[in-house]
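Let me begin by presenting the structure, written as structure tokens, before commenting on it.
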Amino acid sequence: MGNTTGISVMGVFCVDTKIIKIDMNSCDFDGKGKEDDRVVEALRDSLKEAGEIIREGGLVAFPTETVYGLGADAMNAEASARIYSAKGRPSDNPLIVHIADVEQVTQIAAEIPRSAQAVMERFWPGPLTIILKKRPEVPKGTTGGLDTVAIRMPSHPVARALIRESGRVIAAPSANTSGRPSPTKAVHVWEDMKGRIPMIIDGGTVGIGIESTILDMTEEAPVILRPGYITREMLEELLGPVTIDPAVAGRQMPVGIRAKAPGMKYRHYAPKGQLVLVEGPEKPVIEKINALTKEKEAQGCRVGVIATDETLPFYDADIRRSIGSRSHPETIAANLYDILRESDALELDYIYSESFFEEGLLDAVMNRMLKAAGYHLITL
Ligand code: AMP
Ligand code: MG
């Protein structure tokens with residue numbers, strides 16, 4: 001992945017990208033759960049320079065438990081603007097503001113309803129983002145022009161240590177070029193951001209692998225704007241009925257409805273080849289994918305297959321990967337973006353994949369896969 005001084009490239013952006021490696025074995029963080037405060041404090045020493053970059057308005061990519069984030073001082077509009085230009089992100093797509101300690105919410109949110117308080121107590125630190133009304137001090141350059149703000153307290157100790165060390169709240173979208181799959185490893189960030197940002201903090205592979213659940217709490221009834229690791233069922237247990245924005249719920253491309261999270265309207269997570277999802281009973285799905293593979297290979301196309309641990313040996317394609325095990329849905333979420341990125345590296349023309357239409361975490365996986373496939377789904 002290059003040495004610690006990084007490389008420089010010619011063009012609009014031209015900086016050396018330094019990589020700071022954090023040995024996560026030294027703290028027993030499982031990549032998902034809550035972490036002891038002492039671990040967070042111990043990590044701050046390695047992040048002094050990173051904290052300084054944030055305070056000066058610069059960008060630092062860092063691991064969270066969901067995906068890698070591209071961070072900047074959220075209260076500094078110029079710093080936020082640098083995120084948009086490094087990612088090539090449309091300026092109406094707001095950023096999530098990350099905090100290390102729950103008290104920091106009051107710097108950002110104008111009102112904190114009791115229900116939001118309860119959600120924070122139950123799910124923070126963790127993979128849940130809450131939308132609240134913003135304080136006037138939060139620049140609109142961070143919120144995509146909105147009067148509301150997205151807030152999350154990540155559980156990853158490196159993320160929390162960086163936020164504390166910087167003394168700021170940190171705006172951070174996923175650290176990929178806009179439109180590419182989100183990064184789940186530092187090498188993915190390197191692929192997209194080398195020469196564009198001064199620092200990447202490498203904390204190894206992330207635990208969850210898909211972005212946070214987004215819950216809008218600005219209206220009377222809570223609405224999920226993006227599904228994630230924290231599921232509707234988990235939220236309903238605490239809050240009563242929770243709805244899902246219809247723009248992110250269906251199997252078909254939403255037509256005539258506008259997603260409430262501005263970012264959800266963009267074609268995200270797209271591999272360069274055409275991803276096609278096949279749904280149905282196991283045997284017919286395997287037969288269909290093998291037939292499609294044969295047909296496209298005969299036309300001289302490069303074809304890859306996304307299988308599961310349970311089905312991998314039954315596919316004929318030369319390039320086939322298991323995305324994980326159906327008995328362990330978290331493995332499927334964790335490998336999704338790495339597999340999509342690999343399909344680009346292999347220059348595949350077609351990628352045929354099994355589908356995972358199930359409640360809970362796999363529902364969040366399918367939300368990403370359907371978008372990546374441009375809703376190209378074959379139902380048997
Ligand atoms: P990313 O950080 O790249 O995972 O994207 C952040 C997501 O949060 C995007 O889909 C945004 O549209 C959404 N988001 C951020 N702030 C708000 C907000 N104030 N209201 C609605 N959605 C938001
Ligand atoms: Mg993103």
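What you see is a predicted model; the values in this text were computed from it and never measured. The chain is numbered in sequence order, starting from 1. Both counts, for ligands and for their atoms, begin at 1 and track the order of listing.
At under 3.5 Å, a nitrogen or oxygen of N93, whether backbone or side chain, sits near a nitrogen or oxygen of ligand 1. Looking at K87 next to ligand 1, no N or O pair under 3.5 Å apart turns up. Taking distance alone, with nitrogen or oxygen atoms compared against 3.5 Å, P94 stays at or beyond that limit from ligand 1. Residue K260 places no N or O, backbone or side chain, under 3.5 Å from any N or O of ligand 1.
In the displayed structure, E220 atom CD is contacted under 6.0 Å by at most 12 heavy atoms of other residues, nucleotides or ligands. Applying the 6.0 Å contact sphere to CD of E78 captures no more than 12 heavy atoms from other residues, nucleotides or ligands. More than 12 heavy atoms of other residues, nucleotides or ligands sit less than 6.0 Å from atom CD of Q299.
Taking backbone and side chain together, S178 holds no N, O or S atom under 2.8 Å from the Mg ion (ligand 2).
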* Give the intermediate values and the outcome of salt bridge (charged side-chain N to carboxylate O under 4.0 Å, His left out) for residues K140 and D147. => CA-CA 7 Å; K140 287 207 170 172; D147 290 321; 3.1 Å; yes

* To do: Kindly indicate, with the supporting measurements, whether the criterion side chain to side chain donor-acceptor pair (under 3.5 Å) is fulfilled by R226 and T129.
  => CA-CA 9 Å; R226 177 172 73 187; T129 297; 5.0 Å; no

* **Chi angles and distances behind the salt bridge (charged side-chain N to carboxylate O under 4.0 Å, His left out) call for D192, R180** => CA-CA 9 Å; D192 286 13; R180 292 213 71 207; 2.9 Å; yes

* Does the salt bridge (charged side-chain N to carboxylate O under 4.0 Å, His left out) test come out yes or no for D338 and K185, once each step is laid out? -> CA-CA 8 Å; D338 193 33; K185 300 173 175 177; 3.1 Å; yes

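Remark: distances from the non-hydrogen atoms of R89 to ligand 1 include one below 4.0 Å. Residue contact check for ligand 1: I131 places a non-hydrogen atom closer than 4.0 Å to it.
Close contacts of ligand 1 with L146, meaning ligand atoms under 4.0 Å from a residue heavy atom, involve 18 (C), 19 (N), 20 (N). Near I214, the atoms of ligand 1 lying under 4.0 angstrom from a non-hydrogen atom of the residue are 7 (C), 8 (O), 13 (C). The distance from ligand 1 to the heavy atoms of A150 drops below 4.0 Å at these ligand atoms: 15 (C), 16 (N), 17 (C). Interface atoms of ligand 1 facing S174, defined by a heavy-atom separation under 4.0 Å, are 1 (P), 2 (O), 3 (O). Those atoms of ligand 1 that come under 4.0 Å of a heavy atom in T148, given as number and element, are 18 (C), 19 (N), 20 (N).
V138 is not listed as a side-chain neighbour of Q107, based on a closest heavy-atom distance of 4.5 Å or more.
With a 4.0 Å heavy-atom cut-off, ligand 1 is reached by no atom of T129.
Residues S174 and E211 have side chains that never bring a donor and an acceptor to within less than 3.5 angstrom of each other.
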